[in-house]
Amino acid sequence: MTDTRSQFHELFGELYLPVTLTVGTIVVLVVLFAVVRYRRSRNREPSRKSEAPLLESAYAVTIAVILGVLIWATFTAEAKVDKVSATPGLRVDVTAFKWQWRFDYPGKGVPPSIGSDSHHAELVVPVDTVVGFRMTSRDVIHALWIPVARFKRDAFPNRYTSFDLVFDQLGTYPGRCAEFCGLEHAGMTLEVRVLTKQAFDDWLAARRR
Amino acid sequence: MTTVASERPVPRGLLAWAAATDHKRVGVLTGATALVLLLVNGAFALVMRSELAWPGTQIVGLKTYNELFTAHGSGMIYLVVTPLAFALAVYFVPLQVGAAEIAGPRFALLGFWLYVCGAVAMYSGFLTQEGAARFGWTAFPPLSDSTNSPGLGSDLWLLGVCLAVGGMFVLSGCVLATIVRLRAPGMTMLRLPVFCWTMVVTTLMTLTTFPVLIVALTLLELDRRGVGVFTSSGGPAAYQHLFWFYGHPVVYVMFFPFVGAMGEVIATFSRRRFFGYHAFVISLLAFAALSMSVWAHHMFTTGQVTNQYFSLTSTLIAIPAGIEYFDLIGTMIGGSILFRTPMLFAIGFLLLFLIGGLSGIMVASPPIDYHVHDSFFIVAHFHYTLFAGSMFAFFAAVYYWFPKVTGAFLREGLGKFHFLFMFVGTNLTFFPMFLLGEKGMPRRVGDYRGSDGFTGLNLISTIGAFLTALAIAIFVCNVFVSLRRREPAGADPWEGQTLEWATSSPPPRHNFDALPAVRSFAPLLDVREGKA
């Protein structure tokens, strides 16, 4: 299961953020050290040393090693996040158009959820299920962004893109268009409702009636 | 290296400036135009920040907001930061290499006028019936095609960008030719000042990538005229590839020159030779080479590129960038640092650009970018590089070189206030944007809902923007005060290390009456240290 939210948390919250904060703090401390220690009022003769190739090479290798770890973690996470299952638990077709969303549930015999000026389109999904999305656009480029899943993907016209998401928390969450798409881009929102599997089946049954 | 004085009558007044072939005048013209446009585009930003301070649309409607962010983004990139970099280069590269003139002075003048015509064309879109372009500075089709963005404003925008970018292309040719052909006796390539080396790599990137943008925008204009260039299913992505092949190197075009200028500032105010010169030069070349292979990291969320490759190259950029930091800070360590305004801005750069650079490593990772792409996190990231980075370094360069250009100092007291307000204002404006983006606020939106939970952070950001505007106002006052009541600077007020300080302030038409021997990249420091 590709839980994009926990993948993001592991990669960003537990690796990239601590590493960059540490590096950043060290650099700031070194700058402050230089500023205090080597200010002119201390009246020191400036150093005439102008190269330190060994030290600098060691430093470059250190950066390269840190980056190697980051890249390895990125590749590992991306392999999971990008994986598309041949047999998802639910299929949803997404159509973006100026300036609304449409969600179809192929094979479920329910009418699509289409946004209008008076209400958002609703993406209703069961919890802890691999949802296989297939997305396109009817006019310009849009992007489906579901912040709670820490994921977005662009929707291009005349083209389909596929991705899997798993929602592991019940609740109602906002979603938006992230790719600027014209006048009403700011209002191109949707609502994601994550239901228990039983509640989702009930919802489907109610929609069929 | 001598010029023959013209026998023809010398034009005076406005015409003398409009037809100037003296690189110093072309540099001042380009810089002054870009500074005026900086104020214009900054005012656009203030209107946008005011609109976003609170949910709902209070000040401008969505259509105007979309025009404003397009004008602000494209204005700052095509018409302000790139031209400011070339203004510095056109003025100072010939002086630093000890040349009497820029290579191709009439071409330099042409470059300036192409830039002015481009600016006029871009802004004249606001006067058309359908309004100005409103598809962002990237102009992705199909949004920018004739169906989705009808109207002359969009065509004028495309024309204007091509002219302005063409102008910068011409200027970069002049700068590179000056460095290659007109160096003073003794100045080998490895005795070029740091700023000149940053211009070598900048112009290499400019000359290879700016034509690609002009081609892409020309194809887009053909598309708008019904030729059908980007209408296939792969067309929109193909445009993005062309655009970002220009669009990523250009962020380093808007960065290297300022880093180079700051290298000069740090060395001078640390009273010390620039540390790690050779490593710096190698890292610049590696940086520029890598910069040509990272473009599709702007397209991670398209699902149409090989994310791993572009993630790898983009992350590797941190190695040359880290070496440059090492050299800049290494110059301070062991120095004797004087905290005049240029040095304050340089230290501000070192501290703030760090935030832009480190957040850049984050967004080079596709699984992280999937969340923060096209959000305010990205807006924060590139403003920390372009504003907190390049513009801080630019102001360091302005306070440093103003005495050379005008013969008078900028006021030190006002300069320190300028720095203080800008440092606080910049962080108040842009840091909340990281949090907004992570919370889910997309970029390029003129409105949000009260229930989104974005209000408090947006309000802080808006307050910061006005504080930054106050800082810029102090700078403008400083320029006027300093020109009105001059504090004469003399030829070499800072104990400079490079050749521009070996002539009067401002330099004569022919730049130098005599040149010192050039035995390193810091010839005037050699003289002081008794090496020459």
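Since we're looking at a predicted model, the values are computed, not measured. Residue numbers start from 1 in every chain, and the chains themselves are labelled A, B, ... in the order their sequence lines are given, proteins ahead of strands.
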Which bit of [X] is near chain A, if near means a heavy-atom gap under 4.5 Å: side chain, backbone, both or neither?
X	value
B:Arg134	backbone
B:Leu351	side chain
B:Phe339	side chain
B:Pro320	neither

Exercise for the section: Before giving the answer on side-chain contact (heavy atoms from CB on, under 4.5 Å), spell out for A:Glu51 and B:Tyr277 the whole-Å C-alpha distance, their side-chain angles and the decisive distance to 0.1 Å. Expected result: CA-CA 7 Å; A:Glu51 304 261 352; B:Tyr277 176 85; 4.0 Å; yes
For [X], which atoms come within 4.5 Å of any heavy atom of chain B: side chain, backbone, both, or neither?
X	answer
A:Thr189	side chain
A:Val148	neither
A:Phe75	side chain
A:Val28	both
A:Arg150	both
A:Ile71	side chain
A:Leu17	both
A:Tyr59	side chain
A:Ala52	both
A:Phe156	side chain

Handout entry: Where at least one partner belongs to residues 65-82 of chain A, residue pairs that pass salt bridge (Lys or Arg N to Asp or Glu O under 4.0 Å), sequence neighbours excluded
Key = none
Handout entry: Nearest-0.5 Å distance that lies between atom CZ in B:Arg444 and atom SG in A:Cys181
Key = 11.0 Å
Completion exercise
Here the gap from A:Leu70 atom CG to B:Met362 atom CE, rounded to the nearest 0.5 Å, amounts to 10.0 Å
Exercise for the section: Step through it carefully: locate the ring centre of A:Phe180, locate the ring centre of B:Phe69, and say whether they are under 6.0 Å apart. Expected result: yes
Handout entry: Close aromatic pair by centroid cut-off 6.0 Å: B:His371 and A:Trp145
Key = yes
Practice task
Work out which heavy atom in B:Ser311 is nearest to a heavy atom in A:Thr74; give both atom names and the distance.
Solution key: OG-CG2, 3.8 Å
Problem - Residues A:Lys152 and B:Asp369 bridged, charged N to O under 4.0 Å - result: no
Handout entry: Salt bridge flag under 4.0 Å for residues B:Lys63 and A:Glu184
Key = no
Fill in the blank from the handout: For residues 328-337 of chain B against chain A, heavy atoms under 4.5 Å, the residues are B:Ile329, B:Met332, B:Ile333, B:Gly334, B:Gly335, B:Ser336, B:Ile337
Problem - A:Leu55 and B:Phe326, any side-chain heavy atoms less than 4.5 Å apart - result: yes
Practice task
With the side chain counted from C-beta on, respond yes when B:Leu143 and A:Ile141 share a heavy-atom pair under 4.5 Å apart, and no when they do not.
Solution key: no
Problem - Residues A:Asp154, B:Thr302; criterion side-chain hydrogen bond (donor to acceptor under 3.5 Å, both in side chains); working and verdict - result: CA-CA 5 Å; A:Asp154 296 356; B:Thr302 60; 5.3 Å; no
